[in-house]
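Letters A, B, ... are given to chains in the order of the sequence lines, protein chains preceding strands, and every chain is numbered from 1.
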Protein chains: 2
Amino acid sequence: MLPLEKEHITNIAYDTVIFGFTGDKLKILILEYQNSGLFALPGGFIRRDENLYDAVKRGVRERTGLDKIHLEQFHTFGKKNRDSAYPFKKIAAGKGYPITSDHWVLDRFITVGYYALIDYNQVKPTPDKFSDSIAWHSIDKLPPLMIDHEEIVEKAIEAIRNDLGKKPIGTNLLPKKFTMKELQKVYEIILNKEFRRTTFQRKMLSLDFLKRHEKLYTGAANKAPYLYSFDESKVEKE
Amino acid sequence: MLPLEKEHITNIAYDTVIFGFTGDKLKILILEYQNSGLFALPGGFIRRDENLYDAVKRGVRERTGLDKIHLEQFHTFGKKNRDSAYPFKKIAAGKGYPITSDHWVLDRFITVGYYALIDYNQVKPTPDKFSDSIAWHSIDKLPPLMIDHEEIVEKAIEAIRNDLGKKPIGTNLLPKKFTMKELQKVYEIILNKEFRRTTFQRKMLSLDFLKRHEKLYTGAANKAPYLYSFDESKVEKE
DNA sequence: TATTATTGTATCAATTTGATACAATAACAA
DNA sequence: TTGTTATTGTATCAAATTGATACAATAATA
């Protein structure tokens, strides 16, 4: 039996899949625990006086430095064998905080999965107190992750795919102003499917949520593309 | 501080929105606690040695008598004020099982919402040990529900609406064989939107997951409709 | 055999999407 | 200045999908 825990609620945690877009790849933030060779999603526990959503938001803020982020809950993982006693002990010992084997964090946990969409260029990834590094990894070549974290990532991608077109996904992965080509790339990577340039452009413009701005002169020897932004008043319909 | 609990994990529970279709209404099962005037969704706790999914399945089996049911997780509710101390005490006292105020069930709970789709005509609704009755209620006129259960129902309907067309929703709400008119009614009620009969029929047939069977002679003075069933081998594409 | 309420399809128009073509650049080189 | 090159933004016509309407094919019954 575990000792009582006063600060957090027990048996439940959250994990976040934090997505960023580099211009041609979708990446997520992965923690690495030194002295253990273990990789994991950023996650945490919920304080007794804190809403679940606020706990997740706090965690994402701590890892990324960002406050305004698009957070979406997508699935709760509740298989009975998803405890992390072994890695936790190893990590804690490695960090010089050995924990007794009846510590509450070693009990069974159900975890709520959230995904976050952020502007890649605005993030300062910061490791948590148990990990030594946090880094971006392309979703198509992740290191082997702890427990069921690979399944969590899978489900997150499914969810984002499902939400694209319903929720302002592009808005949050791209900078304020972007080209049509970048927007198309976001759609293509998320849906894992290529689009015909002309049809995509016509479709996006017809949906009437893009505002056109000045042109972007990159120095390339060809016609400069327009920059677009999402028209806030219409983005709900995306 | 609460005493230890050995059989269940704490701070986390589940609630189920069990949908049935009567032919022209979508209904859900609601428990009523006598001596309290309180209505609630069927729910329960998760045993330490039990997968979350299995706990929910067990609960639905106990309330409906059905074993093969379509269960889908849709959202987890984690606001900090969603404890049910007051109603729980009232209910337990009314049932003659007074509980001490430090009992684990009175602590804060995060709940995982699942919806179930079942064949209305096959169910034998059975109340749980704390409630005196369980009954079908149309989703458009529910009694006032406990805590945030109305929000849970809302989210369940949103989810089912979202899943229609992706998951075999119709399959589970209708009997094995059904008419095109019944199928259309299911779509209309879930999406809260009417369809043109001819377009709907053409669309459904073109999707190629319906098998046509014998005609249904109801005794009405008009052409008898065909009965259809979902072609199991193709229903994934629905 | 006519009547009535539905059901299952066919038909043609309207809309959306797919495929292709082409004019309009922005930088640079001759 | 004038070509050249790689893109970008639209126009155009064909193909596919959906909307609207019409109508033939019944089941029961008078």
Could you tell me how far apart A/Gln201 (CD) and D/dT7 (P) are, to the nearest whole angstrom? 15 Å

A/Arg196 side-chain proximity, nearest of C/dA19, D/dT5, D/dT26: C/dA19

Could one point to a donor on the side chain of A/Arg212 or the base of D/dG9 with an acceptor on the other under 3.5 Å away? no

Please round to the nearest 0.5 Å and tell me the distance separating atom CG of B/Leu29 and atom CD1 of B/Ile134. 4.5 Å

For residues A/Phe178 and A/Phe230, establish whether the separation of their ring centroids is below 6.0 Å. yes

Report yes if a donor N or O on one partner sits less than 3.5 Å from an acceptor N or O on the other, where the partners are the side chain of B/Thr198 and the base of C/dT9; otherwise report no. no

Between D/dA28 atom C1' and B/Tyr217 atom OH, what is the distance in whole Å? 12 Å

Could you state the atom-to-atom distance from NZ of B/Lys203 to C1' of D/dT17 in whole Å? 8 Å

Could you check how far NZ of A/Lys181 sits from P of D/dA6, rounded to whole Å? 13 Å

Separation of D/dT18 P from B/Phe195 CZ (nearest whole Å): 12 Å

Among D/dG9, C/dG8, D/dG19, which nucleotide sits nearest the side chain of A/Pro225? D/dG9

May I have the distance from B/Glu214 (atom CD) to D/dA27 (atom P), rounded to whole angstrom? 13 Å

In whole Å, what is the span from the OH atom of B/Tyr226 to the C1' atom of D/dA27? 13 Å

For the pair A/Arg82 and A/Glu151, find out whether any cationic side-chain nitrogen is under 4.0 Å from an anionic carboxylate oxygen. no

How are the rings of B/His70 and B/Tyr115 set to each other: parallel, tilted or perpendicular (split at 30° and 60°)? tilted

Pick base, sugar-phosphate or nothing for B/Thr179, based on heavy-atom distances below 4.0 Å to the nucleic acid. nothing

With DNA chain C as reference, determine whether B/Leu205 or A/Thr218 sits nearer its 5' end, using the nearest nucleotide of each. B/Leu205

C/dA23 C1' sits how many Å from A/Lys223 NZ, rounded? 8 Å

Measure the spacing between CZ of A/Arg202 and CZ of A/Arg196 and express it to the nearest 0.5 Å. 10.5 Å

Confirm from the modelled atom types if B/Arg197 and C/dG8 form a donor-acceptor pair under 3.5 Å, side chain to base only. yes

For B/Asn222 and A/Arg202, take the nucleotide of DNA chain C holding the closest heavy atom to each; which residue's nucleotide lies nearer the 5' end? B/Asn222

